[in-house]
Amino acid sequence: MTIDAALPCTASELLAVMSARLLRDGEVVFAGVGIPLLAATLAQRLHGPGLTILFEGGTIGAYVEPGQLPPSTNEQRCTRRANMVLGSTDVLLLLQRGYVDVGFMGGAQIDRYGNLNSSFIGSPQRPATRLPGSGGGNDIASLTRMIVAMKHEKRRFVERVDFVTSPGFLDGENSRRDAGLTAGGMFRVVTDLGLLGFDEHSKRMTLLAVHAGVSAAEVQANTGFELAMATELPVTEPPTDNELAVLRHLDPDRLYTA
Amino acid sequence: MTIDAALPCTASELLAVMSARLLRDGEVVFAGVGIPLLAATLAQRLHGPGLTILFEGGTIGAYVEPGQLPPSTNEQRCTRRANMVLGSTDVLLLLQRGYVDVGFMGGAQIDRYGNLNSSFIGSPQRPATRLPGSGGGNDIASLTRMIVAMKHEKRRFVERVDFVTSPGFLDGENSRRDAGLTAGGMFRVVTDLGLLGFDEHSKRMTLLAVHAGVSAAEVQANTGFELAMATELPVTEPPTDNELAVLRHLDPDRLYTA
Amino acid sequence: MSFSHDELCRRTGARDRSLREKVMSLDEAAALVPDGASVGIGGSTLSRTPLAMIWALIRARRRGLVCARGISSSEGELLFASGTSQHLITSWFSLGIVWGVSRIMRAYTESNRARFEEWSHLAIGLRFRAGAMGVPFLPMRSMLGSDVLARLPDARVIDCPFTGERLALVPALNPDIALIHVQRCDAYGNAQIDGLPFMDLDLALAANRVILTTERIVSNDQIRRRPDQTKIPFFAVDAVVEAPFGCAPHECYGIYEPFFDHLDDYAAALKPDPEQGMRDYLDRHFYEPQSWTDYLDRIGLPALLDAARRGKSIYDD
Amino acid sequence: MSFSHDELCRRTGARDRSLREKVMSLDEAAALVPDGASVGIGGSTLSRTPLAMIWALIRARRRGLVCARGISSSEGELLFASGTSQHLITSWFSLGIVWGVSRIMRAYTESNRARFEEWSHLAIGLRFRAGAMGVPFLPMRSMLGSDVLARLPDARVIDCPFTGERLALVPALNPDIALIHVQRCDAYGNAQIDGLPFMDLDLALAANRVILTTERIVSNDQIRRRPDQTKIPFFAVDAVVEAPFGCAPHECYGIYEPFFDHLDDYAAALKPDPEQGMRDYLDRHFYEPQSWTDYLDRIGLPALLDAARRGKSIYDD
């Protein structure tokens, strides 16, 4: 991918760095495994010593150690030096109670309204591919402000997801709220091509910025629906040497960033 | 009271011994403070090493020590050598889940259908006496099979309680079940005069046995409504020296049995 | 004390939930409690009662607090008699088997000078739990058919949409403030509770603001060594106050038992004339002391040592 | 798996809840699980998975089990591929970021040979919690508007009688049997769990029968020394089986981490031909071993020592 040539880092590393920048010190972030966990930990090490990381497995205030990345968010290494450990039902209820600022997940398929599909490619009755399913994804996306980090490919950015596993803005406009989802909603989608948000009223996905060496046309070309474009389209700061150094220190085996 | 003359023990001691005999080894009993706690502990020491005592404060498998009786069921001495300690909401939910065989409480005022009042003497709007209230009493009486231990006095055994704090059979017959209380119900009332139960169909309070030296007429005379009488009216075995010895060892200061 | 999800999230979102030190004095913490606030009180009966914080609120002449606790004891008498609260939501309110029915509770409720709003013990617990879970209600199977339920306009009865069974629904209770005393916590508010937790975990998450008093402030390192011993997460906590013997004359599990002699004297002093007796007690133990230490000194060192000896005995084998 | 209160209480009342020793072998415990039973599985993903019990059930050629777990991993593959279960109720079912999407899950579900009934993670948790609380349902705010909810006839949507808000109601899940692995328990079944509890406390109280496997059986005296560390009460437990390394190749908090090399080999063996690879794996590790010790021996002593060294490291400062 052109990105790889343009930057001295893998697409996954780019995702991790760019999404880490979206997390502010002092926030409470509910992170999924993979890029989200890595990016949240990166933010914690770079600019957010007071960033509180929650995991679905039941961890509050995680402080993941370099080279000790967990295979999921349910193993003991997620809890080392954490502030609290509790049941998975109870940690998910913190989302419902309103204690969490940001939910942070990866995505397999997303549509123009930010709905995520991690259940079925094709029809649920006779799927071409049965995917792993929601996990806590539906709960996180239903209850808090979301950041999604994923590869930007036409087959992943579709007009309408085959199955709404984790709700974005559903059919746009007020449909999310009308469905009873009064809290949260999609906030940002970070990809290896750029940074996207959602229009305040129509709730359509909008390109907010592109990464160095990427054009708006290229982003559109890799998207399966018509993107709204921000009036101004800044270019993101490429990952700094320090960001990459810390990131590679956290994941020396490229467990998440291969 | 004639009973005191007839027996070498106080009325409270008689209540404790007589109700302790109703508890069978291996049962799970939810006991209130006072006579119930003492009687359950007595049963545990006498014939029920496998009797499991639960307290509202959050204790499972209590093993109260002689002379260390708690001022309520919410203090640490309730938990010494217990099998488990948990939240008060969670221990009360064990009743709702069906894990408890017997609920065991004292009573201030009871009526012919076993309804208990521990809230108001007189009208709730302008009560002659405001009593301490339900505590877990309503929950215990609503959810499990009940034993009540109380002094047998006309003012306590009334046609209809001023206020239903803890439901017995409400208006009798199927009214308890019709109200949505599908589990439990009054089982026995132990007094210083005798042992009472409830008619299977009418749910009216029925005299089942009298204590030594007490006549059925005397029991009726101390009751504010017409008692049903069992066809046979056995006389209970007086407290044995051993029962009284163990009881007095448990409560040497007569904290509960004055 | 029950809110729409929008309002609940707005209030919670407005709180500073960052990892920050929040250690302050009793007086500073008392200033966080405005007149008329709804206040959830931790512990139960004579156990882990946040007495030091209640002491500070009474001294600060706070007024119109609507208080809620699973089971209430002498702290409820003090709140009524001091004029701090005229409304207590609880399942049971008295002194209990040793000291008899609360004369203060009777005097204030029978004359309608204060309100004792009675729910079943489980109902209070489920109201806090609903508040902690961020749902408007929870279903339960007790209270049905009783006069307790009949007197509670805030509760509802439904036929279960799954089973057709009759169920009571109790509304969430999200107090403005929770007062909770713990054995230890760090400067951020990560709290460990030994022994009986009562309803304090739910109460802490249900409240819009939590004031922790603690026997001891420990390092965050100590907390992080055994995260599975943390019962209350720091981001739900707004104030941490170190208050040794902060429940006296009540107990703190594993540290001290109730001060029985002091409670005997208290009950005896209230017997002849409850209200005058209480005025004298409030003067001597609440208004006159220069500090919490002075309060403890008036209870007396021998009493402290005796209560502590009995308290630690729970860990003897 | 959801019952009327009458039926729930009848089933629970029929259980022997007395304080009694209930230690038995894996095979004896497996005999308590009939074909077609609904089975709640403790732990999550690779953590505290009751592998020894699942191993015994697969060896006993149990059939038609309807299984439920918050998040499922290789144990789900083993249950499907061995023909032990054709129906798994869970929120997520795969191998995960390190080993990729489960080929066995795909093969069985895409061909409709087995059913993966998908609920959100919170929904599974609240279904167990409702079961533990003895209520027919609990309300929640997620799943609304999603296709996950649309495909679940057992869930309902209501307008809240208190706030008018839309809420999802999920039905209680009371499995016939729960399989839970713990670090230690006594012969009566009083269990202590270190670290992440997942949904196991609710699951234990929700189930009609609980089979505990434990790394170690300790004395009841040890339990009674710290009753606030007991997480599952004995009267909810029907069988206690001592099974050291009972989660291998998954982890048991504080005792051993996942056996990563073994899991790498397992995933690699399944890559070329998942079903043949699984048949070979089941033969070698499930059907051929003479005993659980023999199973562990085939995983290998070096792997055990390595997993144990990493597991204990959680308590290093």
Side-chain angles (χ1 to χ4, degrees), chain C residues 2-9 122 125-127 129-130 133-142 144 153-173 183 192-198 219 221-222 224-229 231 253-254 314-317, chain D residues 2-9 122 125-127 129-130 133-142 144 153-173 183 192-198 219 221-222 224-229 231 253-254 314-317:
Chain C
S2 173
F3 305 97
S4 70
H5 198 227
D6 283 338
E7 176 62 10
L8 196 65
C9 291
L122 179 57
L126 291 176
R127 293 195 62 190
R129 180 156 296 177
M133 293 170 72
V135 288
F137 68 86
L138 282 174
M140 65 187 288
R141 298 182 185 275
S142 59
L144 293 165
D154 295 349
R156 283 180 171 68
V157 175
I158 63 158
D159 293 328
C160 174
F162 292 88
T163 63
E165 299 166 310
R166 187 165 299 181
L167 297 168
L169 304 184
V170 293
L173 184 44
Q183 284 87 356
Q192 296 181 349
I193 295 176
D194 299 329
L196 297 159
F198 302 112
S219 71
D221 274 353
Q222 179 172 333
R224 289 183 184 267
R225 262 180 216 115
R226 282 308 299 273
D228 59 356
Q229 295 303 303
K231 303 291 172 63
Y253 193 103
I314 192 78
Y315 294 120
D316 301 347
D317 286 325
Chain D
S2 170
F3 305 98
S4 70
H5 198 226
D6 282 340
E7 176 62 9
L8 197 64
C9 292
L122 179 57
L126 291 176
R127 292 194 63 189
R129 181 157 295 178
M133 292 170 72
V135 288
F137 68 86
L138 281 174
M140 66 187 288
R141 297 182 185 278
S142 59
L144 293 165
D154 295 348
R156 282 181 173 67
V157 175
I158 64 158
D159 294 326
C160 174
F162 293 87
T163 62
E165 299 166 310
R166 186 165 299 181
L167 297 169
L169 304 184
V170 293
L173 183 45
Q183 284 86 356
Q192 296 181 348
I193 294 176
D194 300 328
L196 297 159
F198 302 112
S219 71
D221 274 351
Q222 179 172 333
R224 290 183 185 267
R225 260 178 220 117
R226 282 308 300 272
D228 59 357
Q229 295 302 303
K231 303 293 173 63
Y253 193 102
I314 193 76
Y315 294 121
D316 300 347
D317 287 327

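To find a chain, count down the sequence lines: A is the first, B the second, and so on, and within it residues start at 1.
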Engineer: Residues two or more places apart in sequence or in another chain: which of them pass ring pair (Phe, Tyr, Trp, His ring centres under 6.0 Å) with C:Y253?
Structural biologist: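 C:Y253 satisfies ring pair (Phe, Tyr, Trp, His ring centres under 6.0 Å) with no residue once adjacent residues are dropped.
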
Engineer: For chain C, which of D:A130, D:S4, D:P171 has the most heavy-atom pairs under 4.5 Å?
Structural biologist: D:P171

Engineer: Which region of C:R156, side chain (C-beta onward) or backbone (N, CA, C, O), has a non-hydrogen atom less than 4.5 Å from a non-hydrogen atom of chain D, or is it both or neither?
Structural biologist: both

Engineer: With a 4.5 angstrom heavy-atom cut-off, could you sort out which part of C:D154 is near chain D: side chain, backbone, both or neither?
Structural biologist: backbone

Engineer: Of the backbone (N, CA, C, O) and the side chain (C-beta and beyond), which part of C:L196 lies under 4.5 Å from a heavy atom of chain D, both, or neither?
Structural biologist: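 For C:L196, there is no contact with chain D at all, as no heavy atom is under 4.5 Å.
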
Engineer: What distance do D:Q229 atom CD and C:Q229 atom CD have between them, rounded to the nearest 0.5 Å?
Structural biologist: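 The CD atom of D:Q229 sits 4.5 Å away from the CD atom of C:Q229.
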
Engineer: Could you state the interatomic distance from CG (D:L122) to CE (D:M140), rounded to the nearest 0.5 Å?
Structural biologist: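 D:L122 CG to D:M140 CE: 4.0 Å, rounded to 0.5 Å.
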
Engineer: Counting distance only, does the side-chain N/O of D:R141 pair as donor-acceptor with the main-chain N or O of C:G134 below 3.5 Å?
Structural biologist: yes

Engineer: Using non-hydrogen atoms only, which part of C:T163 is less than 4.5 Å away from chain D: side chain, backbone, both, or neither?
Structural biologist: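 It is the side chain, since no backbone atom gets that close.
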
Engineer: Heavy-atom cut-off 4.5 Å, strictly under: side chain, backbone, both or neither for C:R226 against chain D?
Structural biologist: side chain

Engineer: Could you report the tightest heavy-atom contact between C:G254 and C:I314, atom names first, then the distance?
Structural biologist: CA-CG2, 3.7 Å

